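Both counts, for ligands and for their atoms, begin at 1 and track the order of listing. When reading the values below, keep in mind they use all heavy atoms of this one structure, side chains included, and skip hydrogens, waters and symmetry mates. Only a predicted model underlies this, so the values are computations on that prediction, with no experimental measurement involved.
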Amino acid sequence: MKIDEILTTLTLEERVSLLFGKGMWEIAGVRDLPNVTMVDGPHGVRKPIDINTTGIFEGNNVATAFPILGALASTWNVDLAYQVGETLANECHHYDVHVLLAPGINIKRTPLGGRNFEYLSEDPILAGEMASAYINGLQENGIGTSLKHYAANNSEFERMTISSEVDERTLREIYLTAFEIVVKKANPWLVMTSYNKVNGYRSEENPLLMNQILRNEWKYNGVTISDWGAVTNRLKALQSTLDIEMPGPSLSRQTQLVEQIRNGEVDEVMVDASVKRILELVEKAIEGKQFAKDAYDFDQHHLVAKQVALEGTVLLKNDNYVLPIKKENTESVLVIGKHAIKPRIGGKGGSAMVTPYSLDIPLEKMKEIACDNMTIHYVDGYDDFDPSQNEMNQQEAIALAKQVDKVIIFVGIPEELEEAEGFDKEVTELPESQINLILSVVQEQPDTAVVLSNGTPLTMTGWVDQVPALVEGWFAGQAGGSAIADILFGLANPSGKLSETFPEHMSHNPAHLTYPGDNGKVYYHEGVFVGYRYYDKKNINPLFPFGHGLSYTEFTYDSIQVNKEAINDNETIEVTVTVRNSGTVTGMEVVQLYVRDHESSVIRPLKELKKFEKVHLQSGEEKQITFTLANRDFAFYDVTSQRWIVETGLFDVLVGRSVADIRLSTTIHVESTEIKKPVFTRNSLTKEWLRDENGRKIIMDFFTQLSDELNIKDEYTLSFIKECPIPAVISLFGQKWMDTNDADVALDQLIAQVNHANETSEGGL
Ligand code: BGC
């Protein structure tokens, strides 16, 4: 395709028409340019049966329904995320789709976020790495992706108008980092803006997010696209480099935009830049079709979905080795709960809904494994919506529970209570009927495991301590039934780790005081202390910490080594750890590396995840894993200088099984190569003068002249004045000196002297 030639031949009206959708699911389609078809993900290819439909959620083709992204993130397996992308690419080719509108990588700020199940994690590194692999899997197989929702789209409350009020350091370190990683590592064909505003600006009109950060700093040259129905001012959005408004064609807006361009309200150069990016996308979409095959093996896709369900399942508790069910000593098992016969595969509604092409039922799969060796009974046990049935259901369950060797209770958020796009969750507890059932069954039969089915963290007040074994099964997609059966019987060893913290109470969550916001704004006052960063710093024990997940085997962390003990911030350092499977069965472990800064001029979390790797280990096997750390792993975003900086000092490197279970640690020294020269003003504090080499000399000389009362050898006086600016020190300790000196003149001289000294010397922090 000769893009520059096409561009010059298109009329202004034609170019403008490219800036709008062609209906709900297509773009381009001008003159000889083909339509580019885009449909929703992230959990499957949601291709409408009628592509020209005008309804956003109307009838879809069947497709492989993968576990929710929260479960994919809980695998911590980037290779598997790539494989999911590859498999989705196959299905996109099968349905003649060019772009999958996925993945969503917004940070899970509160467990109440209605779309959390569609997002990956509370941690930007985990979200960014997993999403990059998923996107590479699709794009390297000829299918584009649309990374969404840029940015700070962390709840559904008043989702199209609310403004997320976030300070810049928090925005950069928490809410933008995942996007930055993905843009740099996977270069998605499109980026979709969010519905919400950020600091008062609509996302698609946000000069900081769009022009400055995405385009200038990250050098993103792909297509930006609005969320469906988000655009309120097409001109402003274009000025912020939003390429496509969806859906379209919005003919009156096109006419208006043409007029505005002719009136010079926006430079035609901006239009051509957008059109060029769109033409490049069309070219990629055409070329991508060379990856299409003649036939696809949907059964093999099912197995990929199963692998995600297997590796994403998190064994939260397993006291007394209740799990796995052992055929040799178990004659009968009682399965309780409708989730075992009617599993939930995804959120209830919205763009992430998938119509599965097949469905594994947990109870059936358990019976297949048990074969003739074991009897598997089943009862409903509870009815969430008809309390009149509960007494009877419960009695029946208890009676049987007493007679069997083991009980497995399937519980979860009922479909009617919804986890869906469009609104937030109201409950995080299981329905009362389920809790009552669990408590009464466990009392009669201690050999009981509970399997959870939910999209986002549950609180488990009043029952979790009573239950010896607990499995987080998530909404596990169409193959979840066979995955959970394999795990319960030990045919597979659980290796999932939580990709978000499960708080003990919702009131412990860092967003609790400001969620959901009011008067059109939600303040992110907790700053960078999101998820585990908060619980860690506050010393609050969550119900289950970030990164937690048990196995049927044991892992031992034997040693940690670094290839250097000190580096400067331009160098990298290699950290090697040895991990051993010291148990009796094969398993997989997620080795997690966190960094802690000993001392910083800004308030930092106690631990920040920087690297992770999933390793497969046979019983007795050990492996060495090497992580490479570089500048950014030690840096924070400095709002004054508007860049990422590393401060000289010690950093702990902590390696473990979860954020709360650190097994190995070492300390290294990182030297900053930048000499940050402070600029002194009248507001500079005594401690800042003392910290600076030139400042210290100048201010100490001055203090000796100032007065006898100022005895800085006295510890109390020193501590007192450290927090004061110099004018206050003069006023409190230098009244006599003031009788013969002009304080303003003296101050200006001191300031000029130190700033000059710092400009001309190597001195500095
Ligand atoms: C959602 C997007 C989705 C789009 C198209 C919007 O409501 O926020 O995630 O891709 O609809 O279905």
Student: Under 4.0 Å, heavy atoms only, figure out whether ligand 1 is touched by the backbone of Arg115, its side chain, both or neither.
Tutor: side chain
Student: Indicate yes or no: does Arg115 engage Glu118 in a salt bridge with an N to O separation below 4.0 Å.
Tutor: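 Here Arg115 pairs with Glu118 in a salt bridge, since their nearest N and O are under 4.0 Å apart.
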Student: Does Trp76 have any ring pair (Phe, Tyr, Trp, His ring centres under 6.0 Å) partners at least two apart in sequence or in another chain, and if so, which?
Tutor: Phe546, Phe612
Student: Using a 4.0 Å cut-off to any heavy atom of Met192, which atoms of ligand 1 qualify?
Tutor: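 Heavy-atom distances to Met192 below 4.0 Å select 10 (O).
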Student: Which atom names give the shortest non-hydrogen contact between Lys47 and Val39, and what distance separates them?
Tutor: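 In terms of heavy atoms, the two residues are closest at CA-CG1, 4.0 Å.
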Student: So, are Arg172 and Glu217 salt-bridged, with charged N and O less than 4.0 Å apart?
Tutor: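 Looking at Arg172 and Glu217, the cut-off is met.
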Student: Would you say Trp228 and ligand 1 have an N/O pair spaced under 3.5 Å apart?
Tutor: no
Student: Pull out every atom of ligand 1 sitting under 4.0 Å from any heavy atom of Ser351, numbered as shown with elements.
Tutor: 1 (C), 2 (C), 3 (C), 9 (O), 12 (O)
Student: Quick test: of every protein heavy atom, which one is nearest to atom 5 (C) of ligand 1, and how far off is it to 0.1 Å?
Tutor: Asp40 OD2, 3.3 Å
Student: Give the residue and atom name of whichever protein heavy atom lies nearest to atom 6 (C) of ligand 1, and the separation in Å to one decimal.
Tutor: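 Here the nearest protein heavy atom works out to Asp227 OD1, 2.9 Å.
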Student: Taking 4.0 angstrom as the limit and counting only heavy atoms of Arg46, give me the atoms of ligand 1 inside it, by number and element.
Tutor: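 Per the distance check, 12 (O).
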Student: Between Glu526 and Arg109, is there a side-chain N and carboxylate O pair less than 4.0 Å apart?
Tutor: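 Yes, charged N to carboxylate O under 4.0 Å.
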Student: Enumerate the atoms of ligand 1 whose separation from the nearest heavy atom of Tyr195 is less than 4.0 angstrom.
Tutor: 6 (C), 7 (O), 8 (O)
Student: Using a strict 4.0 Å cut-off to heavy atoms of Trp25, name the atoms of ligand 1 that fall inside it.
Tutor: 5 (C), 12 (O)
Student: Within the 4.0 Å heavy-atom shell around Lys148, which atoms of ligand 1 are there?
Tutor: 2 (C), 3 (C), 9 (O), 10 (O)
Student: Please confirm whether Tyr134 and Tyr82 have ring centers closer than 6.0 angstrom.
Tutor: no
Student: Of all heavy-atom pairs between Val45 and Leu88, which one has the smallest distance, and what is that distance?
Tutor: CG2-O, 3.9 Å
Student: Which of the atoms of ligand 1 are close to His149, meaning less than 4.0 Å from one of its heavy atoms?
Tutor: 2 (C), 8 (O), 9 (O)
